[in-house]
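Note on naming: letters A, B, ... go to the chains in the order of the sequence lines (proteins, then strands), and numbering restarts at 1 for each one.
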2 protein chains.
Amino acid sequence: MTELKKTPTIQDVARFANVSTATVSRTLSSPDRVSEGTRARVSEAIRVTGYTLNQTARSLRQRTAKTILVALPDIRNPFFSSILDAIEREATNRGYGVLVANLFLAHEPARRLQEYMLSNRADGLLLLDGSLDVATLRTLSTAPYSVPLVVACEEIPNSGFHMVLTDNMQAAERATRHLIDLGHRRVGHLLGPEHNVVTRERLAGFTKALRDADLPLRQDWMFRGNFEMESGFAAAAHFMALAERPTAIFAANDESAIGFLSGLRQHGIECPRDISMVGFDDLGVAPHYSPPLTTMRQPREMLGRMAAETLIDLLDELDHRPGQLRIVLNSDLIVRASTGHPRKEEAPAA
Amino acid sequence: MTELKKTPTIQDVARFANVSTATVSRTLSSPDRVSEGTRARVSEAIRVTGYTLNQTARSLRQRTAKTILVALPDIRNPFFSSILDAIEREATNRGYGVLVANLFLAHEPARRLQEYMLSNRADGLLLLDGSLDVATLRTLSTAPYSVPLVVACEEIPNSGFHMVLTDNMQAAERATRHLIDLGHRRVGHLLGPEHNVVTRERLAGFTKALRDADLPLRQDWMFRGNFEMESGFAAAAHFMALAERPTAIFAANDESAIGFLSGLRQHGIECPRDISMVGFDDLGVAPHYSPPLTTMRQPREMLGRMAAETLIDLLDELDHRPGQLRIVLNSDLIVRASTGHPRKEEAPAA
DNA sequence: GAAACTCCTGAAATCGATTGCACAACCAGT
DNA sequence: ACTGGTTGTGCAATCGATTTCAGGAGTTTC
C-alpha cells in the first residue's frame with residue numbers, strides 16, 4: 001500500500017534536515033540568522049520534499065494576509081478594469097494578492113466590504129467607488145479596527161481618507177474651454193449618474209468654463225446620463241426634441257459620448273459636421289471611433305499604480321507621513337476629429 | 001487608562017456567554033446542534049462583543065480558503081472583464097472570494113499560478129487563458145496536489161481539464177457564411193494572435209466556410225492581428241497595399257475589427273460601402289460604432305457564471321460526475337450595418 | 001430497574017506556521 | 001580564570017478557529 005502523500009509541511013522539512021521548525025522558518029525569512037551549513041541542509045530538504053509555505057498558517061500567526069481588497073463600482077467598465085490592471089501589477093510586484101469586490105448592483109455594498117475586512121482576509125482596502133456609506137467606512141478605518149484605506153478615482157469629500165485622484169473639475173473646465181475656443185457659443189453637457197462625486201465635479205468644471213466665457217448655462221442642454229453607452233443613446237432622443245440645439249457637447253465620459261453620437265447619427269446628425277463632442281477617459285476605442293474622439297485622458301495606469309503603492313506603503317509601514325495623504329494627478333486634453341469649429345450659419349453674429 | 005481593545009475572538013464570546021469555544025463555534029456553523037437557550041446567549045454575546053469570525057483561522061483548520069483564483073490573459077479587455085464580472089457575482093453568492101491574477105506580460109505565468117495555489121490561498125483555479133504551460137498545470141491538477149481546475153473561454157486540447165467554452169469554429173463558420181450569403185466572393189480574415197487556440201479555431205471555421213462554398217483561401221487576404229485595436233489598425237495598411245482586395249473581412253474579434261475599419265477609413269475606404277466586416281464578441285461598443293458592427297455574440301455572462309458554478313460545485317463537492325466535464329455554449333450572429341452586399345461592379349459575373 | 005439512546009456540552013488536540021526565551025558554544029578582553 | 005558579548009539553535013507558546021471524544025443528563029424500551 002503506497003503512502004498517501006499530503007503536501008509537505010515545515011515539520012517534514014525540519015525532520016529531513018535534522019533541525020527544528022524554528023530553524024526552517026528562519027532559513028526562509030531571515031537566512032542570515034542561520035549558519036551556512038544549516039542553511040544548505042534546509043534548502044536541500046525543501047528541494048527534496050517539495051515544500052511550499054502555507055500562507056494561511058503564516059497569515060494567522062503574523063496577522064497579515066498579504067492581500068488587498070479592491071472595490072470597484074463596475075469592473076466591466078474598461079476605465080476601471082485598466083486601473084485594476086495597474087493595481088494588480090503593482091501588488092504582485094510587492095508580494096500582495098488582490099481580492100476583487102465588484103459593487104455593481106450589490107446589496108449594501110459598504111457592509112459587504114466591512115465583513116470582508118473584518119474577517120481578516122485582506123490587510124487593506126482600495127476603494128474605487130465614491131458612493132459608499134461614509135459612516136460605515138469611517139468605522140472601519142478608525143480604532144479599534146483601523147483598516148488601512150485608500151480611496152482612488154472618486155473622491156469622498158471631508159472623509160479624511162487617503163486619496164489618489166485626478167482633478168476632475170479642472171479637466172472638465174479644460175475640455176469645455178476647448179469647445180469655447182473653437183467658437184462654440186451653445187454648449188451642452190451630458191451628465192454622469194446622479195449623486196456621484198465625479199458627476200458633480202465635472203459639472204462644476206463645465207459650469208465654471210461657461211461662466212468665465214459669459215455663456216448661458218441652459219437646463220435644457222444638460223442631458224441626463226449615467227456613464228453608460230445606452231444612457232448616451234437615450235439622451236440623443238432628448239437632443240433631437242429640442243427647438244434650439246447646442247452646437248457642442250461635453251460628455252461626462254467617453255462611453256456615454258459614444259452612445260450619444262450613435263443616437264444622433266440615427267437621426268442624420270453627424271459629428272463633427274453638425275456637432276462637436278468631447279468626452280472623458282480616452283478609452284482604447286476613442287482614437288478608432290468614427291470620428292476619432294476628442295477627450296480628456298486620465299493617467300489611468302499611473303493612478304492605479306500610485307493608489308496601490310500608497311496603500312501597500314501604509315501596510316508595509318514604509319510611509320510614516322502623518323495625516324491625510326492626497327495625491328492629485330492631471331489629465332490631458334487629446335484633440336481629435338470629433339471637435340471642430342461650429343458651422344458658419346450657426347456661429348454667433350460677430 | 002482605557003483598555004486597548006483588540007478585535008474580539010471566539011474566546012471572548014465564549015467567556016461572555018459562559019460557554020466553551022466549541023459551543024460558540026457550533027452555534028455559528030450548525031445552530032441546530034445547540035439548545036435554544038444557549039443559542040440565544042451566544043447570539044447575544046456575539047452582538048455585544050461585536051465578534052466577527054477570523055476567516056484565516058477557519059481556513060487553516062478546515063483547509064479551505066473559500067477563495068478561487070481567476071487567471072486572465074488581459075483584464076483590460078472588456079471581453080474578459082465582463083466574464084470576470086459574472087464570475088465574481090456567482091462566487092460571492094456562493095460565499096467565495098475572488099483573487100485575480102492578470103497574466104498579461106507576466107513572467108512564467110504557469111509557475112506563478114502554481115505558487116499561488118500551493119500556498120493554500122485559494123481552493124480552486126479558474127483559467128481563462130489557453131496559452132499556459134500544460135505540463136505545469138497538469139502537475140497542479142493531479143495527485144498529490146489535486147487542485148480543482150476549470151478552463152473557460154480558451155480550450156486546452158487533450159488536457160483532460162474541465163472546460164466551459166463556446167464553439168468557436170462553428171461560430172466562425174457561421175460568421176463567414178453570412179458574408180458569403182450576402183454575395184461576397186472575395187473574403188479575407190483578420191487573425192488573432194499566433195499560437196493561440198482561439199485564433200486557430202476561428203481560422204478553422206473561416207476556412208471551412210470558404211471551402212464549402214468553393215471559394216479561394218488566399219494567403220494575402222489573411223491579415224496578421226493579435227485581438228487588439230492597434231493590430232487591426234496596422235493590418236489596414238497591408239490591406240491598402242494589395243493589388244486585388246477582398247470585399248469582406250471576418251475579424252477574429254471586435255477590437256481588431258474596429259482598429260481595421262479605423263485604419264481603412266483613413267484611406268477613404270468606407271464600411272459597408274466598400275467593404276463588409278464581421279467581428280466577434282459583441283462588445284458594448286459594437287452596436288454604437290459607426291457603422292454598427294455585425295458580430296458573433298458570445299454568451300459572456302453565462303459563460304462566466306457557468307465556469308464559476310462548475311468550479312465551485314467541484315469545491316463544494318456537489319458534483320460527483322466522473323471524468324472530464326465539457327460544457328459548450330453557442331454564439332449568435334448579430335447582424336448590423338457593417339455587412340452588406342458587395343458593390344455591383346465588384347460582384348462576380350453571374 | 002437496567003440497558004440503550006439521544007441531546008448538549010466542554011476539554012483538549014489540531015491546522016502550520018512564527019517568535020520569545022533560554023541556553024550552549026565560542027571568542028575576546030582583562 | 002572570569003566576565004561579557006555574539007552566534008546559532010531548539011523548546012514551547014501562540015495565532016483563532018474547528019472537531020474528536022467523552023461524559024452527564026434525560027428519555028425510552030423491555
Review point. Whole-Å distance between C:dG16 P and A:Leu53 CG?
Key: 12 Å

Check your understanding: Nearest-Å distance, CG (A:Leu118) to P (D:dA17)?
Key -> 12 Å

Point to revise | salt bridge (charged side-chain N to carboxylate O under 4.0 Å, His left out) against B:Arg326, all qualifying residues, sequence neighbours excluded | key: B:Glu155

Review point. Separation of A:Lys66 atom NZ from C:dA17 atom P, in whole Å?
Key: 17 Å

Practice item. Can you see which heavy atom on A:Phe161 is nearest to which on A:Gln324, and at what distance? Key: O-NE2, 2.7 Å

Check your understanding: Separation of B:Asp32 atom CG from C:dT6 atom P, in whole Å?
Key -> 16 Å

Review point. What's the CG-C1' distance between B:Leu60 and D:dT18, to the nearest Å?
Key: 10 Å

Point to revise | Under 4.0 angstrom between A:Ser35 side-chain N/O and D:dT9 OP1 or OP2 | key: yes

Going by atom type alone, with no hydrogens or angles, which donor-acceptor pairs under 3.5 Å involve a side-chain atom of residues 124-131 of chain B and a protein atom two or more places apart or on another chain?
{"residue": "B:Asp129", "atom": "OD1", "partner": "B:Ser131", "partner atom": "N", "Å": "2.8"}
{"residue": "B:Asp129", "atom": "OD1", "partner": "B:Ser131", "partner atom": "OG", "Å": "2.6"}

Revision key, fill the gap. For residues 106-120 of chain A, the salt bridge (charged side-chain N to carboxylate O under 4.0 Å, His left out) pairs (sequence neighbours left out) are A:Arg112-B:Glu88

Point to revise | Check: B:Ser35/B:Thr38 side-chain N/O donor and acceptor closer than 3.5 Å | key: yes

Review point. Going by number, which of residues 11-19 of chain A have a non-hydrogen atom under 4.0 Å from DNA chain D?
Key: A:Asn18, A:Val19

Using atom names, set out every protein N or O paired with an N or O of nucleotides 19-28 of chain D below 3.5 Å, distance rounded to 0.1 Å.
{"residue": "D:dT19", "atom": "OP1", "partner": "B:Gln62", "partner atom": "OE1", "Å": "3.2"}

Review point. Looking across every strand, which nucleic acid part, if any, lies under 4.0 Å from B:Thr38 by heavy atom: base, sugar-phosphate, or nothing?
Key: sugar-phosphate

Point to revise | Proximal nucleotide (of D:dA17, D:dT9, C:dG10) relative to the B:Ser20 side chain | key: C:dG10

Check your understanding: For D:dA17, does OP1 or OP2 lie under 4.0 Å from any side-chain N or O of B:Tyr51?
Key -> yes

Exercise for review: To the nearest 10°, let me know how far the axis at one end of the helix from C:dG1-D:dC30 to C:dT30-D:dA1 is tilted from the axis at the other, five pairs an end.
Suggested key: 50°

Review point. If only side-chain N and O atoms of A:Arg58 are considered, is one of them under 4.0 Å from the OP1 or OP2 phosphate oxygen of C:dT18?
Key: yes

Review point. Which whole-number value in Å describes the distance from A:Leu28 CG to C:dG16 P?
Key: 16 Å

Review point. Would you call A:Asp32 and A:Arg26 a salt bridge, taking side-chain N to carboxylate O under 4.0 Å as the test?
Key: no

Study note, to complete from the structure: note: B:Arg41, atom CZ; C:dC8, atom P; distance rounded to Å ~ 14 Å

**Study point:** A:Thr139/A:Thr136 under side chain to side chain donor-acceptor pair (under 3.5 Å): CA gap, chis, key distance, verdict
**Key:** CA-CA 5 Å; A:Thr139 304; A:Thr136 308; 6.0 Å; no

